Amino acid sequence: MARPMKKTDIETFFARLSDFNPAPRGELDYVNHYTLLVAVVLSAQATDVGVNKATGPLFALVETPEQMVELGLDRLKQFIKTIGLYNSKAKNVIALSEILIREHKSVVPNERKSLEALPGVGRKTANVVLNIAFGQPTMAVDTHLFRVGNRTGLAVGKTPLAVELALERRVPDAWKLHAHQWLILHGRYVCKARKPDCPSCRVADLCRFADKTTTLD
DNA sequence: ATCCCGAGGG
DNA sequence: CCCTCTGGAT
């Protein structure tokens, strides 16, 4: 039952996802490093579609920390009211913007430590920014990566951090940079939480969980 | 009722 | 470790 995915199968796993989608892109909308950071902070426990709906009008007006501080807490809340947890997120975005201005010359830092020191930015959000904005091969373990890793046997762990470390150990270097994006897309559209679409999954034969009862052999 | 690119506080 | 923040989609 606790059968981990075989090493050779991990290679095949990513080769197939890569073949299907050679240059996977995230689905959060942003216009620069700062708006990327804000979008990822807003995306906690929310769908990216819902986040994009709110950030479209917001980023048309605001794309720098200075403009965000000038916009102010109450008006920011109006923009993001349709996103869950909007109260604390709005507070965090304003506070984080003030810190960027004060301590980082309004530039999004490229170090984990500085990123995680920002309010509303934890390990997962820092990993996303490091990966997307700065091209670092980080494994940002969100709800999708956690589920897909454990379900398939690719990277098993009881906590997101454990799964992150397992991914770093097990994913071959050649696939590391885009692993997060491939896995999240796979988790969102195929290896879904409620009704995983195993029949149309291109890596089902490598998966310990896949329902293979529909195929005869 | 459950899930969505979680983080912070107790 | 637990709880809270929170609205929209399915």
Side-chain angles (χ1 to χ4, degrees), chain A residues 17 21 24-30 33-59 73-74 76-100 108 112-152 154-155 157-164 167-168 171 176-197:
Chain A
L17 294 188
N21 189 350
R25 295 174 56 251
E27 299 188 336
L28 282 178
D29 295 335
Y30 60 95
H33 287 179
Y34 171 69
T35 49
L36 168 66
L37 173 61
V38 172
V40 180
V41 167
L42 295 179
S43 72
Q45 293 297 99
T47 61
D48 59 344
V49 176
V51 172
N52 289 339
K53 219 173 286 181
T55 55
L58 176 62
F59 293 161
L73 184 61
D74 291 331
L76 173 57
K77 281 185 187 177
Q78 292 310 311
F79 277 101
I80 66 170
K81 203 144 181 84
T82 53
I83 305 176
L85 319 179
Y86 73 94
N87 230 324
S88 53
K89 285 176 183 174
K91 213 175 299 175
N92 286 335
V93 167
I94 296 293
L96 144 185
S97 301
E98 289 170 339
I99 294 175
L100 286 180
V108 175
R112 168 185 310 286
K113 221 171 164 193
S114 304
L115 286 169
E116 290 187 9
L118 300 170
V121 180
R123 188 175 183 90
K124 181 261 170 180
T125 298
N127 278 334
V128 173
V129 173
L130 289 172
N131 181 258
I132 302 200
F134 300 112
Q136 295 186 25
T138 54
M139 302 294 170
V141 177
D142 59 18
T143 178
H144 294 299
L145 286 254
F146 187 76
R147 180 182 67 254
V148 173
N150 277 302
R151 188 184 270 169
T152 61
L154 170 64
K158 290 180 219 110
T159 67
L161 180 58
V163 171
E164 178 182 333
L167 285 169
E168 284 179 353
V171 177
K176 270 184 177 153
L177 182 59
H178 294 120
H180 164 247
Q181 218 58 251
W182 278 315
L183 289 171
I184 198 170
L185 259 23
H186 183 62
R188 183 176 300 158
Y189 296 113
V190 183
C191 196
K192 298 176 283 188
R194 302 188 195 188
K195 231 175 65 111
D197 193 2

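Chain naming here is simple, since letters A, B, ... match the order of the sequence lines and numbering starts at 1 in each. As the structure is a computational prediction, the values presented were derived from the model and not from experiment. Both backbone and side-chain heavy atoms feed into the values below; hydrogens, waters and symmetry mates do not.
- Looking at heavy-atom distances under 4.0 Å, A:G84 makes contact with a base.
- Rounded to whole Å, atom C1' of B:dC3 lies 12 Å from atom CZ of A:R151.
- A donor-acceptor distance shorter than 3.5 angstrom exists from the side chain of A:T159 to the backbone of A:A162, with no hydrogens or angles considered.
- Each of A:K124 and A:N92 was matched to the nucleotide of DNA chain B holding its nearest heavy atom; the match closer to the 5' end belongs to A:K124.
- For the pair A:K81 NZ and C:dG7 P, the interatomic distance rounds to 7 Å; values are reported in whole Å.
- Within the nucleic acid shown, A:E116 has no heavy atom closer than 4.0 Å to any nucleic acid atom.
- Among the nucleotides C:dG7, C:dC5, B:dC5, the one closest to any side-chain atom of A:S43 is B:dC5.
- Put simply, CG on A:L42 is 18 Å from P on B:dC4, counting in whole angstrom units.
- Atom pair A:F146:CZ and B:dC5:P shows a separation of 16 Å (rounding to whole Å applied).
- Side-chain contact check for A:L145 versus A:E164: every heavy-atom pair is 4.5 Å or farther apart.
- A:V121 comes within contact range of the sugar-phosphate backbone alone, with a heavy-atom separation under 4.0 Å but no base atom that close.
- A:G187 comes within 4.0 angstrom of nothing in the nucleic acid, heavy atoms only.
- Phosphate contact (OP1/OP2 of C:dA9, side-chain N/O of A:T47, threshold under 4.0 Å): absent.
- Rounded to whole Å, the distance from CG on A:L36 to C1' on B:dC5 is 11 Å.
- If you check every strand for non-hydrogen atoms under 4.0 Å, A:V40 touches nothing.
- Between the P atoms of C:dT4 and B:dC5, the separation comes to 24 Å (whole Å).
- For the pair A:C191/A:R151, a side-chain contact is recorded, criterion being any heavy-atom separation below 4.5 Å from C-beta on.
- For the pairing with A:L37, the side chain to side chain contact (heavy atoms under 4.5 Å, CB included) check across A:V128, A:I132, A:L96, A:L42 returns one residue only, A:L96.
- Contacts of A:P119 with the nucleic acid, taken as non-hydrogen atoms under 4.0 Å apart, involve only primed sugar atoms and P, OP1 or OP2.
- One can place CD1 of A:I184 at 17 Å from P of B:dC3, the figure rounded to the nearest angstrom.
- Straight-line distance from the CG atom of A:L115 to the P atom of B:dG6: 17 Å, rounded to whole Å.
- Taking side-chain N and O atoms only, A:T125 has a distance below 4.0 Å to OP1 or OP2 of B:dA7.
- Contact of the A:T55 side chain with the A:Y30 side chain is not registered, since no non-hydrogen atoms from C-beta on lie closer than 4.5 Å.
- Sequence order on DNA chain C of the closest nucleotides to A:T159 and A:T82 puts A:T159 first from the 5' end.
- Residue-to-nucleotide proximity on DNA chain B shows that, of A:E27 and A:G120, the 5′-proximal contact is made by A:E27.
- Here A:R188 reaches the OP1 or OP2 of B:dC5: one of its side-chain N or O atoms lies under 4.0 Å away.
- Comparing B:dG6, C:dA9, B:dC3 by their closest approach to the side chain of A:A193 singles out B:dC3.
- Closest approach of A:E27 and A:N52 over heavy atoms only: O-ND2, 2.8 Å.
- Between A:Y189 atom OH and B:dC3 atom C1' there is a gap of 15 Å when expressed in whole angstrom units.
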